[in-house]
S.K.: 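Dropping a structure here in structure tokens format, bear with me for questions.
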Amino acid sequence: MKSELIVDVQPQEIAIALTEDDRLQEVSREKRDQDNFAVGNIYYGRVKKVMPALNAVFVDVGYEKEAFLHYLDLGSQFRTLQSYVTKAVSDRRRMPSMQKTPRQAEVGKEGQIADVLKVGDTLLVQVSKEPINTKGPRLTAEISIAGRNIVLIPFSDGVMVSQKIKREAERQRLKQLMLSIKPFGFGIIVRTVAEDKRAAELDNELRLLVERWEQTVNTLQQREPVSLVSEEMGRTLGIIRDVLSPDFTSIQVNDPEIYQEVRHYLELIAPESAKIVKLYKESQPIFDHFDITRQMKTGLGRTVGFKHGGYLIIDKTEALFSIDVNSGSKKIYEDQEENAYQFNMLAADELVHQLRLRDIGGIIIVDFIDMDSKEHQQQLYEYVRKLMDRDRAKHNVLPLSKFGLMQITRQRVRPAVEMQVEETCPTCGGKGKIQASILFTDQIEEQIAHEYEQHGRGLILYLHPYVYSYVCRGWLNSLKNQWRRKYGITVMESQALGMLETKFAEK
């Protein structure tokens, strides 16, 4: 499998697209030059409200809406962290020692937040979920510093190894190695990508993460409450850190500054991969050149098609996402049960692709085409679970209910990707909306293929003169000539047609 990362840097935002075998898999955007309360950011906040009924507090971290911190997100070592933070801000000239900070009583899983925090208290917190819709950020007080191979957790003690590392000998090697090199007062989570990594590489990363924690504490000592003290690396570097694998063939960046930043980061975490970073210098927009724009227009609308004329309808509400599966007018098999089963299996592929592409989270309800066979229902459920295994986000898939509905929950840490895919109608001058013009020729070819199936070769297709001029571009390799060779159709212009109209006739 070939993976590529395409980074489009614009004055207001950076857009990142991840492709696998040239198919768009993930799209992410981050604003530039503003605090966007990204997951991983660490803030020095102040408690504004204590909510005993919710067993939570609302914390002011500078966002327009107060952030939410639940009792269970305090972490067992919260009192020790509070003691350390108090010592750090009371003496701004010296950094307190992790080794000399006495351990306080642990915060148990059963308890009340009012016994731990009160209004006006200051505390160090980290964003665990970005602001979504009308809600502010969600916070955790269990601070973690993420690297590519390991995650550093201040005031924890143990070493945990990813469950996805199956070989017991390798799990023991990694655990013993990290126990032997980790500083006192820190816990470690060993990530899946650390499997078979050399001790020197893991030790170097550990040193970098400890340095980042010390920089965070140093910044804390210079700041007043309600301020950012440590910013998570940009979304671009974060995605590279999380998804980089030997399958990556290139990382294309259209901005020299970001190009240097990405290359420098790769030289630190994976020197052998630094050569795959390339600076894009063409005049054509980078997303157009790599076919990202067209795939976004086709894949991010309310209606998304898949093979054999089937399509999904995706709707969002405040509480959940609903996805309806439709087979369209075509049949794969004459038998209704088999036809429904085959369309549902095709829809499952596109469904899982859409969850990842849009980064849909929360509760997802999927209305598949009704099937009577219990065996088919079980096979569909197992197939969706198998496809979801490739998803990095935490998720849970439930079997089909008696109403033919499948419920999926997927971790939601940032807003789902949304894009305006409709355009102003050129005929009515703005009173209506049309599908993206970049897709119009794809729709025409679908119509041609349908007419070809019905009538064979020898048809004439009439188009508006503007559209006709477009399909004639490129002469020998123009769309007009491609269609003539493939379908035996003659394309002609007609002044009588509207901009987006088509007309077929027999010779």
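Small disclaimer: the values here were computed from a predicted structure and weren't measured.
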S.K.: Could you check whether atom CD of Glu506 has more than 12 heavy atoms from other residues, nucleotides or ligands sitting under 6.0 Å from it?
M.R.: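 Count not over threshold, so no.
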S.K.: Can you find a heavy atom in the side chain of Gln454 that is under 4.5 Å from one in the side chain of Leu459?
M.R.: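 They are not in contact (no side-chain heavy atoms under 4.5 Å apart), so the answer is no.
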S.K.: Between Lys135 and Phe68, is a side chain to side chain contact (heavy atoms under 4.5 Å, CB included) present by the stated rule, with each step listed?
M.R.: CA-CA 9 Å; Lys135 299 175 182 177; Phe68 182 82; over 6 Å; no
S.K.: Tell me whether Glu4 contacts the main-chain N or O of Ile251 through its side chain, where contact means a donor paired with an acceptor under 3.5 Å.
M.R.: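 Looks like no, no N/O pair under 3.5 Å.
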S.K.: Closest approach of Thr140 and Leu69, non-hydrogen atoms and distance?
M.R.: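 Heavy atoms of Thr140 and Leu69 come nearest at CA-CD1, 3.9 Å.
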S.K.: Would you please say whether a donor-acceptor pair under 3.5 Å links the side chains of Ser162 and Thr192?
M.R.: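 Side chains of Ser162 and Thr192: pair found under 3.5 Å.
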S.K.: Quick check for you: to the nearest 0.5 Å, what is the distance between Arg385 atom CZ and His395 atom NE2?
M.R.: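 Spacing of CZ (Arg385) from NE2 (His395) equals 8.0 Å.
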S.K.: Hey, are Gln407 and Ser401 close enough side-chain-wise for a donor-acceptor pair under 3.5 Å?
M.R.: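 Judged by distance alone, the side chains do not pair up.
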S.K.: Determine, stepwise, if the pair Phe504 / Ile460 fulfils side chain to side chain contact (heavy atoms under 4.5 Å, CB included).
M.R.: CA-CA 6 Å; Phe504 289 89; Ile460 300 173; over 6 Å; no
S.K.: Hey, are the side chains of Val262 and Val7 touching, using non-hydrogen atoms and a 4.5 Å cut-off?
M.R.: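 No - every pair of side-chain heavy atoms lies 4.5 Å or more apart.
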S.K.: Locate the shortest heavy-atom distance separating Tyr63 from Pro137; write the atom from each residue and the value.
M.R.: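 Distance-wise, the nearest heavy atoms are CD2-CD, 3.5 Å.
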S.K.: Does a side chain donor of either Glu231 or Asn41 reach within less than 3.5 Å of an acceptor in the other side chain?
M.R.: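 No pair is found: no donor N or O on one side chain lies under 3.5 Å from an acceptor on the other.
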S.K.: Assess, by modelled atom type and distance only, whether the side chains of Tyr341 and Gln379 contain a donor and an acceptor separated by less than 3.5 Å.
M.R.: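 Judged by distance alone, the side chains do pair up.
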S.K.: Side chains of Val127 and Leu139: closer than 4.5 Å at any heavy-atom pair?
M.R.: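 Sidechains of Leu139 and Val127: in contact.
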S.K.: Do Lys386 and Asp389 meet the salt-bridge criterion of a basic N to acidic O distance under 4.0 Å?
M.R.: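 Result for this pair is no, no salt bridge flagged.
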S.K.: Given 3.5 Å as the limit, does a donor-acceptor pair link the side chain of Glu282 with the main chain of His289, or not?
M.R.: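 Not a single qualifying donor-acceptor pair exists.
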S.K.: Looking just at side-chain N and O atoms, do Asp288 and Thr293 make a donor-acceptor pair shorter than 3.5 Å?
M.R.: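 Short answer, yes.
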S.K.: Got a second to check how far Asp291's CG is from Ile6's CD1, nearest 0.5 Å?
M.R.: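 Asp291 CG to Ile6 CD1: 10.0 Å, rounded to 0.5 Å.
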S.K.: State, with a plain yes or no, whether a side-chain heavy atom of Ile444 is found less than 4.5 Å away from one of Val467.
M.R.: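 Answer yes - side chains close enough.
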S.K.: How long is the straight-line distance from CD of Glu338 back to NE2 of His376, given to the nearest 0.5 Å?
M.R.: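 The distance works out to 5.0 Å.
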S.K.: For the residue pair Arg23 and His353, confirm or rule out a side-chain donor-acceptor distance under 3.5 Å.
M.R.: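 Arg23 vs His353: donor-acceptor pair found between side chains.
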S.K.: So, do Asn326 and Asp324 sit near enough that their side-chain heavy atoms are less than 4.5 Å apart?
M.R.: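 Yes. Closest side-chain heavy atoms under 4.5 Å.
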S.K.: Does atom CZ of Arg390 have more than 12 heavy-atom neighbours from other groups under 6.0 Å away?
M.R.: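 Incorrect, the count does not exceed 12.
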S.K.: Is there a donor-acceptor pair under 3.5 Å between the side chain of Asn339 and the backbone N or O of Asp335?
M.R.: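 No, because the side chain of Asn339 does not come within donor-acceptor range (under 3.5 Å) of the backbone of Asp335.
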S.K.: Does any non-hydrogen side-chain atom of Glu170 lie less than 4.5 Å from one of Leu174?
M.R.: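 Answer yes - side chains close enough.
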S.K.: Can you name the residues that form a side-chain contact (heavy atoms from CB on, under 4.5 Å) with Asn254, not counting sequence neighbours?
M.R.: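 Residues passing side-chain contact (heavy atoms from CB on, under 4.5 Å) with Asn254: Asp8, Val9, Gln10, Tyr280, Ile286.
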S.K.: Could you grab the distance from atom CD1 of Ile323 to atom CG of Leu312, nearest 0.5 Å is fine?
M.R.: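 Nearest 0.5 Å value for the CD1-CG distance: 6.5 Å.
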S.K.: Is any side-chain N of the basic residue among Lys486 and Glu445 closer than 4.0 Å to the acidic one's carboxylate O?
M.R.: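 Judged by the 4.0 Å cut-off on N to carboxylate O distance, Lys486 and Glu445 do form a salt bridge.
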S.K.: Please check: side-chain N/O of Gln25 versus main-chain N/O of Thr19, any donor-acceptor pairing under 3.5 Å?
M.R.: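 No.
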S.K.: Check step by step if side chain to side chain contact (heavy atoms under 4.5 Å, CB included) holds for Arg191 and Asn149.
M.R.: CA-CA 5 Å; Arg191 305 180 75 174; Asn149 298 297; 5.7 Å; no
S.K.: Using 4.0 Å as the upper bound for N to carboxylate O, is an ion pair formed by Lys166 and Glu195?
M.R.: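 No, Glu195 and Lys166 are not salt-bridged.
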S.K.: Please check if atom CD in Gln336 has more than 12 non-hydrogen atoms from other residues, nucleotides or ligands closer than 6.0 Å.
M.R.: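 Incorrect, the count does not exceed 12.
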S.K.: Sequence neighbours left out, what pairs pass salt bridge (charged side-chain N to carboxylate O under 4.0 Å, His left out) with at least one residue falling in residues 364-382?
M.R.: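 Not a single pair qualifies under salt bridge (charged side-chain N to carboxylate O under 4.0 Å, His left out).
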S.K.: In terms of side-chain heavy atoms, does Glu350 have a donor or acceptor partner in Gln354 at a distance below 3.5 Å?
M.R.: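 Present: a donor and an acceptor within the cut-off.
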S.K.: Could you tell me whether the side chain of Arg358 and the main chain of Gly299 form a donor-acceptor pair under 3.5 Å?
M.R.: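 It does hold such a pair.
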S.K.: Side chains of Met406 and Leu398, heavy atoms from C-beta outward: is any pair under 4.5 Å?
M.R.: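 With C-beta onward as the side chain, the pair stays apart.
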S.K.: Any side-chain heavy-atom pair from Ile292 and Leu24 closer than 4.5 angstrom?
M.R.: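 Of all side-chain heavy-atom pairs linking Leu24 with Ile292, at least one is under 4.5 Å.
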S.K.: With distance as the sole test, does Arg148 use its side chain to make a donor-acceptor pair with the main-chain N or O of Arg241 at under 3.5 Å?
M.R.: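 Yes.
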S.K.: Show the nearest heavy-atom pair for residues Ala194 and Leu202, with the distance to one decimal.
M.R.: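 Scanning both residues, the minimum pair turns out to be CB-CD2, 4.1 Å.
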S.K.: Of all the heavy-atom pairs spanning Phe368 and Ala347, show the shortest one and how long it is.
M.R.: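 In terms of heavy atoms, the two residues are closest at CE2-CB, 4.4 Å.
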S.K.: Just checking, is any N or O donor in the side chain of His464 or Glu493 under 3.5 Å from an acceptor N or O on the other one?
M.R.: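 Side chains of His464 and Glu493: no pair found under 3.5 Å.
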S.K.: Atom CG in Leu355, atom CD1 in Ile408: separation rounded to 0.5 Å?
M.R.: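 So the gap between those two atoms works out to 5.5 Å.
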S.K.: Mind running side chain to side chain contact (heavy atoms under 4.5 Å, CB included) on Leu266 and Arg263 for me, showing each step along the way?
M.R.: CA-CA 5 Å; Leu266 279 180; Arg263 189 174 177 87; 5.9 Å; no
S.K.: Give a yes or no on whether the backbone of Ile360 and the side-chain of Arg410 come within a donor-acceptor separation of less than 3.5 Å.
M.R.: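 Yes; at least one donor-acceptor contact below 3.5 Å.
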S.K.: Please lay out, stage by stage, how Phe306 and Tyr311 fare under the test ring pair (Phe, Tyr, Trp, His ring centres under 6.0 Å).
M.R.: CA-CA 6 Å; Phe306 56 87; Tyr311 58 95; 7.9 Å; no
S.K.: Considering non-hydrogen atoms only, spot the tightest contact between Ile42 and Ile145 and give its length.
M.R.: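 For Ile42 versus Ile145, the nearest heavy atoms are CD1-CD1, 4.0 Å.
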S.K.: A quick test of your reading: do over 12 heavy atoms of other residues, nucleotides or ligands sit less than 6.0 Å from NE2 of His264?
M.R.: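 Atom NE2 in His264 is not crowded, with 12 or fewer foreign heavy atoms closer than 6.0 Å.
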S.K.: Does Glu272 CD have over 12 foreign heavy atoms under 6.0 Å away?
M.R.: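 Atom CD in Glu272 is crowded, with more than 12 foreign heavy atoms closer than 6.0 Å.
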S.K.: May I ask you to decide if Ser230's main-chain N or O and Thr216's side chain share a donor-acceptor pair within less than 3.5 Å?
M.R.: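 Absent.
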S.K.: Are a donor atom and an acceptor atom from the side chains of Glu20 and Ser3 found within less than 3.5 Å of each other?
M.R.: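 The criterion, which ignores hydrogens and geometry beyond distance, is not satisfied for Ser3 and Glu20.
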S.K.: For the residue pair Lys480 and Tyr468, confirm or rule out a side-chain donor-acceptor distance under 3.5 Å.
M.R.: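 Side-chain D/A pair, Lys480 to Tyr468: present.
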S.K.: Atom CG in Leu152, atom CD1 in Ile143: separation rounded to 0.5 Å?
M.R.: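 Interatomic distance, Leu152 CG to Ile143 CD1, rounded to 0.5 Å: 11.5 Å.
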S.K.: To check you understand the geometry: which heavy-atom pair defines the closest contact between Ala274 and Glu267, and what is its length?
M.R.: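 Looks like CB-CG, 3.7 Å.
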S.K.: Please determine if Arg412 and Asp359 form a salt bridge, counting it only when a charged side-chain N lies under 4.0 Å from a carboxylate O.
M.R.: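 No, this pair does not count.
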